2 protein chains.
Amino acid sequence: MPPRPPGRPPLDRATVLAAAVQLADAEGVDAISMRHLADALDVVPMALYKHVGGKDDLLDGMVEAVLREIPGQAREGDWKAQVRAAILAARRAIGEHPWARRAIETRTVRSPAVLAHMECLVQHFLRGGLSVDLTHHVMHALGNRIWGFSPELFPEGSPAPDGARRTTASPDPGDYPGILAISADARARRPGASACDEDYEFTFALDLMLDAVERLHTAGWSSGPTRL
Amino acid sequence: MPPRPPGRPPLDRATVLAAAVQLADAEGVDAISMRHLADALDVVPMALYKHVGGKDDLLDGMVEAVLREIPGQAREGDWKAQVRAAILAARRAIGEHPWARRAIETRTVRSPAVLAHMECLVQHFLRGGLSVDLTHHVMHALGNRIWGFSPELFPEGSPAPDGARRTTASPDPGDYPGILAISADARARRPGASACDEDYEFTFALDLMLDAVERLHTAGWSSGPTRL
DNA sequence: ACCTGAACACCGTTCAAGT
DNA sequence: ACCTGAACACCGTTCAAGT
């Protein structure tokens with residue numbers, strides 16, 4: 001039999017990563033294993049190791065591939081508008097690949113595309129006149145919000161327990177009147193929709209943050225105490 | 001031979017969870033496997049399934065055990081002080097178990113101790129006079145910060161690459177002057193220390209957030225547009 | 001009740017070999 | 001160069017059995 005089925009060109013890193021992204025899109029990150037991916041590529045698992053350092057490198061490469069889809073933004077408006085635009089661009093790119101959220105949170109970042117996005121934001125702040133020090137703190141303050149997502153606080157449907165069998169008894173909603181009030185209110189406010197408008201929550205938090213930074217900056221912020 | 005070594009009382013859930021927490025403290029979360037944990041308890045893996053629903057339930061239980069260490073706080077000061085105190089208490093509890101950060105981010109939360117902490121914060125806000133709606137948005141705005149940590153932006157040592165073999169070339173620091181400036185500045189500012197004072201970054205972000213919320217609240221905030 | 005043994009269907013990764 | 005086979009040391013979880 002032929003060394004590779006006739007029509008199949010040899011693998012390369014880009015092909016492997018693209019297939020992995022597609023597989024994760026279709027079946028979720030948990031479906032990403034060297035063996036499963038190899039199957040999808042019609043290849044033996046070990047063939048992948050020629051193109052990808054191992055599973056960690058594969059995942060980094062997948063995040064990399066997604067982040068490379070972030071388009072460049074026009075340099076218009078003040079630093080706040082530019083930061084906002086860059087973050088929302090990242091949000092759109094990542095939104096296509098829901099698994100990428102967790103992957104970014106999990107991975108020990110600093111691949112080129114990751115650094116490029118952070119560098120882009122840092123430069124918006126610095127060009128806007130923020131001090132290096134303030135910029136540093138603000139990057140931390142934004143946290144994962146720089147990627148266009150906030151951590152999921154109420155993972156799909158507030159306090160109601162799901163089907164997962166667990167030894168601990170499922171919680172009694174009556175024990176959490178505050179949380180209950182919040183989700184009832186949110187549901188009442190948007191009849192027929194899911195309890196939580198993720199886009200709204202995200203921009204609310206982002207704008208809150210950016211406004212607070214602007215206030216600090218224009219007030220001539222300089223490194224302060226604020227210790228634990 | 002005896003059914004169990006003489007001195008050993010039968011396992012129960014609390015014992016299993018405590019052993020798991022201890023194992024994770026000592027060897028990291030990656031060391032947590034049913035088999036490894038069973039070894040540590042001198043028991044066959046399947047024995048654990050009598051006390052713990054499975055690996056997911058084990059991890060939820062571990063987080064639960066850590067969060068139960070959060071002490072109750074005195075109800076003094078305004079809502080801002082109370083929220084701050086509750087969050088810093090969570091921070092201290094989780095700080096003892098570094099693996100718990102990632103576990104909380106990863107887990108699909110809503111176990112009783114998780115809900116209890118959120119409920120506590122929600123009630124501080126509501127008792128402080130914030131609307132249910134504002135409280136909801138603010139909980140999202142705080143995000144994982146409610147647990148006393150912010151996501152790691154620069155995972156130990158900024159743009160320098162680590163030893164992990166990867167196919168992609170390690171990034172050139174010259175490509176990221178902004179990030180470089182930030183970490184150089186941070187290092188210069190705290191000679192001899194690590195580039196980043198995590199406590200400072202955390203409180204900076206937390207206070208920025210709480211101040212912004214207070215400003216919104218006293219300005220009579222009511223649900224606004226802020227769409228994407 | 002609580003624990004065990006053997007088994008199933010998976011993992012990531014190595015090494016030496018094939019073409 | 002690029003891919004394969006066989007093997008190693010792991011996983012979580014099931015089921016039927018032991019005491």
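The structure displayed is predicted, hence computed values, not measured ones. First the proteins, then the strands, lettered A, B, ... as listed; each starts at 1.
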Please evaluate residues R107(A) and E64(A) with respect to the criterion salt bridge (charged side-chain N to carboxylate O under 4.0 Å, His left out), reporting the C-alpha separation (whole Å), side-chain torsions for both, the decisive distance (0.1 Å), and the verdict. CA-CA 11 Å; R107(A) 232 79 279 292; E64(A) 194 76 359; over 6 Å; no
Closest to the [X] side chain, choosing from [options]:
X: R35(A); options: dC3(C), dA7(C), dG12(C); value: dG12(C)
X: M34(B); options: dT13(D), dT13(C), dG5(C); value: dT13(D)
X: P10(A); options: dC2(D), dT4(D), dC2(C); value: dC2(D)
X: K50(B); options: dC2(C), dG5(D), dT4(C); value: dC2(C)
X: H36(B); options: dC11(D), dT13(C), dT4(D); value: dC11(D)

Could you tell me if the side chain of [Y] sits less than 4.5 Å from the side chain of [X], heavy atoms only?
X: D57(A); Y: Y49(A); answer: no
X: L17(B); Y: L58(B); answer: yes
X: P98(A); Y: R102(A); answer: no

Once Watson-Crick and G-U wobble pairs under 3.5 Å are found, how is DNA chain C written in dot-bracket notation, 5' to 3', with | for any base paired to another strand? ||.|||||...|||||.||
How many Å lie between [atom1] on [X] and [atom2] on [N], as a whole number?
X: L11(A); N: dA1(D); atom1: CG; atom2: P; result: 17 Å
X: L37(B); N: dC10(D); atom1: CG; atom2: C1'; result: 16 Å
X: D56(A); N: dC11(C); atom1: CG; atom2: C1'; result: 14 Å
X: L58(A); N: dC11(C); atom1: CG; atom2: P; result: 13 Å
X: D30(B); N: dC11(C); atom1: CG; atom2: C1'; result: 14 Å
X: L48(B); N: dT14(D); atom1: CG; atom2: P; result: 13 Å
X: K55(A); N: dC11(D); atom1: NZ; atom2: P; result: 15 Å

Closest heavy-atom contact between V114(B) and R110(B)?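 In this case the closest contact between V114(B) and R110(B) is CG1-N, 3.8 Å.
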Determine, stepwise, if the pair R35(B) / D39(B) fulfils salt bridge (charged side-chain N to carboxylate O under 4.0 Å, His left out). CA-CA 6 Å; R35(B) 297 170 115 105; D39(B) 273 2; over 6 Å; no
Sequence neighbours excluded and cut-off under 3.5 Å, please list the side-chain donor-acceptor pairs for residues 139-151 of chain B, or say none.
unit_1  : atom_1 : unit_2  : atom_2 : d
H140(B) : NE2    : H136(B) : NE2    : 3.2
R145(B) : NH2    : A141(A) : O      : 2.7

Quick check on DNA chain D: between S33(B) and D12(A), whose nearest nucleotide comes earlier from the 5' end?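 That would be D12(A).
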Give a yes/no on whether any side-chain N or O of H51(A) is located under 4.0 angstrom from OP1 or OP2 of dC2(D).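 Answer is no, no contact under 4.0 Å.
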So, is Y49(B) near the phosphate of dT13(D), with a side-chain N or O under 4.0 Å from OP1 or OP2?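 For dT13(D), OP1 or OP2 has a side-chain N or O of Y49(B) closer than 4.0 Å.
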Nearest-Å distance once atom P is located in both dA9(C) and dC10(D):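 Here dA9(C) and dC10(D) have their P atoms 22 Å from each other.
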Nearest-nucleotide comparison on DNA chain C, the residue closer to the 5′ end among M46(B) and P45(A):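 Whichever sits nearer the 5' end wins; that is M46(B).
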